[in-house]
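The structure appears right after this line, and notes come after that.
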Amino acid sequence: MVDLKAANERLEELLDCVDHPKAVREGQRLFCGLDLGTAFIVLVVLDEDGNPIDCKYEFASVVKDGMVVDYVGACDIARRLKEQVEAELGVELESCAVAIPPETESLDGGVVKNVCESTGLECVAVFDEPTAANLLIGTRDGAVVDIGGGTTGISVFEDGRVVECVDESTGGTHFSLVLAGAKRMSFDEAEVYKRDPAHHAEVLPIVAPTIDKVTSIIARACEPHDVGEVILVGGTAELTGIEGRVRKGLGVEVHKPNHPMFVTPMGIALGCVEAAKGQANA
Ligand code: ATP
C-alpha cells in the first residue's frame, strides 16, 4: 500500500513556502515546475534535494479541456509568477519542467514548452500530469488520478512502470456548472462557493452524479488492469468526502494526500530536478 507520509510532509512544507519562501544560498541551484491548468497556473521552486523553496499561483482561464486557448495570457501569468519568485529569492531562475494531460503531446506539448520558454526559463522536460504527480506519490502498483479543472487524467502503474495513461474531459469546471445550476448562481460564484471547505458537506451531494461520472472514467481506465488502489490528486480532489464516494463506486482502496491540488505541480518540479541531474550525468 502506498505510504503518503513523506509526500504529505513535503506538501505541508510547500504550502508553508507560499507565504514564507526559504532563503537561498549564493550559487545554490534551483529547479522549477510550471503547471498550466484550466483553473490555476502554479510555479513551484525546489532545491537540488527536492526540498520546497518557493511556490506561487494565480487563478487563470487560459487553458480549456487541457489545451492552451490564450497563449499570450498564459505567457503573461507565467512571467509574472517567475518575476515574483525571483524578486522574493533574489536569484534568477533557470531550469523548469512542464506537464500536459495524457495523450495531448502532439497537440499541445510544444505550446506548453513555448509558454515556459517565453519567460526565459529553459524547459528541460515535458511530463504527462499523473506521471509527474507520481514522482511525489511514488506508487509502484496502483492508479494515480489527477482530477483537475477541465479533465481527469489517469496513469496506471505496474511494478513502477506506466501501463495505461488516459485523459477525459470531466473535472472541477463541470462540478461548478452543476452547482451553479442547483443554487442559481453564476459560474464564477459557484466556483468560489465550491472551494470553501465550509460548504463541502452541502456541495458533495449536489455534485454526486458528476463524481460518479469521474468514477466511471477511472473504472474504464483501470478495467484492463489489476488495480488494487487509487490515489486521488488535483484540485477537485480537495472536495471533502470525494474519496469516499469514489471508493464506494470503484470497490478498491482510495487514498488522498493532504493538499492534493499541489501534488502535480510539486511532481513536475521533482521531475525538473531529475531531468537536470540526468543531463549533468550524460
Ligand atoms: P487541468 O489539470 O484540468 O488542466 P488545473 O491544473 O487547473 O486543470 P487543478 O489546479 O488541479 O486543475 O484543479 C482545479 C480545480 O480544482 C478547479 O475546478 C477548482 O475549482 C478545484 N478546486 C480547487 N480547490 C478546491 C477546493 N478547496 N474544493 C473544491 N474544489 C477545489
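As the structure lists them, so they are numbered: ligands from 1, and atoms in each ligand from 1. Each residue takes its place number in the sequence, starting with 1.
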Revision key, fill the gap. In ligand 1, the atoms that come under 4.0 Å of a heavy atom of Phe40 are 7 (O), 10 (O)
Review point. Which is closest to atom 23 (C) of ligand 1 in terms of heavy atoms, His199, His174, Arg195?
Key: Arg195
Exercise for review: Compute the shortest N/O to N/O distance between Glu238 and ligand 1 and return yes if it is under 3.5 Å, no if not.
Suggested key: no
Check your understanding: Does an N or O from Gly150, backbone or side chain, lie closer than 3.5 Å to an N or O of ligand 1?
Key -> yes
Review point. Any N or O of Met261 that comes nearer than 3.5 Å to an N or O of ligand 1?
Key: no
Review point. With a cut-off of 4.0 Å, which atoms of ligand 1 are near a heavy atom of Thr173?
Key: 18 (O)
Practice item. Would you mind running through ligand 1 and noting each atom that sits below 4.0 Å from a heavy atom of Lys194? Key: 18 (O), 19 (C), 20 (O), 21 (C), 28 (N), 29 (C), 30 (N)
Review point. Would one find an N or O of Asp146, backbone or side chain, under 3.5 Å from an N or O of ligand 1?
Key: no
Review point. N/O to N/O below 3.5 Å, does that happen between Ser176 and ligand 1?
Key: no
Revision key, fill the gap. Under 4.0 Å from one or more heavy atoms of Gly172, ligand 1 contributes atoms 18 (O)
Point to revise | For atom 7 (O) of ligand 1, closest protein heavy-atom neighbour | key: Ala39 N, 2.7 Å
Review point. For ligand 1, is any non-hydrogen atom under 4.0 Å from Val42's backbone (N, CA, C, O), its side chain (CB onward), both, or neither?
Key: neither
**Study point:** Proximal atoms of ligand 1 relative to Thr151 (non-hydrogen, under 4.0 Å)
**Key:** 3 (O)
Check your understanding: N/O of Gly235 under 3.5 Å from N/O of ligand 1, yes or no?
Key -> yes
Check your understanding: Among Glu129, Lys64, His200, Glu191, which one has a heavy atom closest to atom 19 (C) of ligand 1?
Key -> Glu191
Review point. Near Gly234, which atoms of ligand 1 are under 4.0 Å from a heavy atom of that residue?
Key: 11 (O)
Practice item. For His255 and Val230, indicate whether the former's side chain and the latter's backbone hold a donor-acceptor pair under 3.5 Å. Key: no
Point to revise | Protein heavy atom at shortest distance from atom 6 (O) of ligand 1 | key: Gly37 CA, 3.2 Å
Point to revise | Gly149 N/O to ligand 1 N/O under 3.5 Å | key: yes
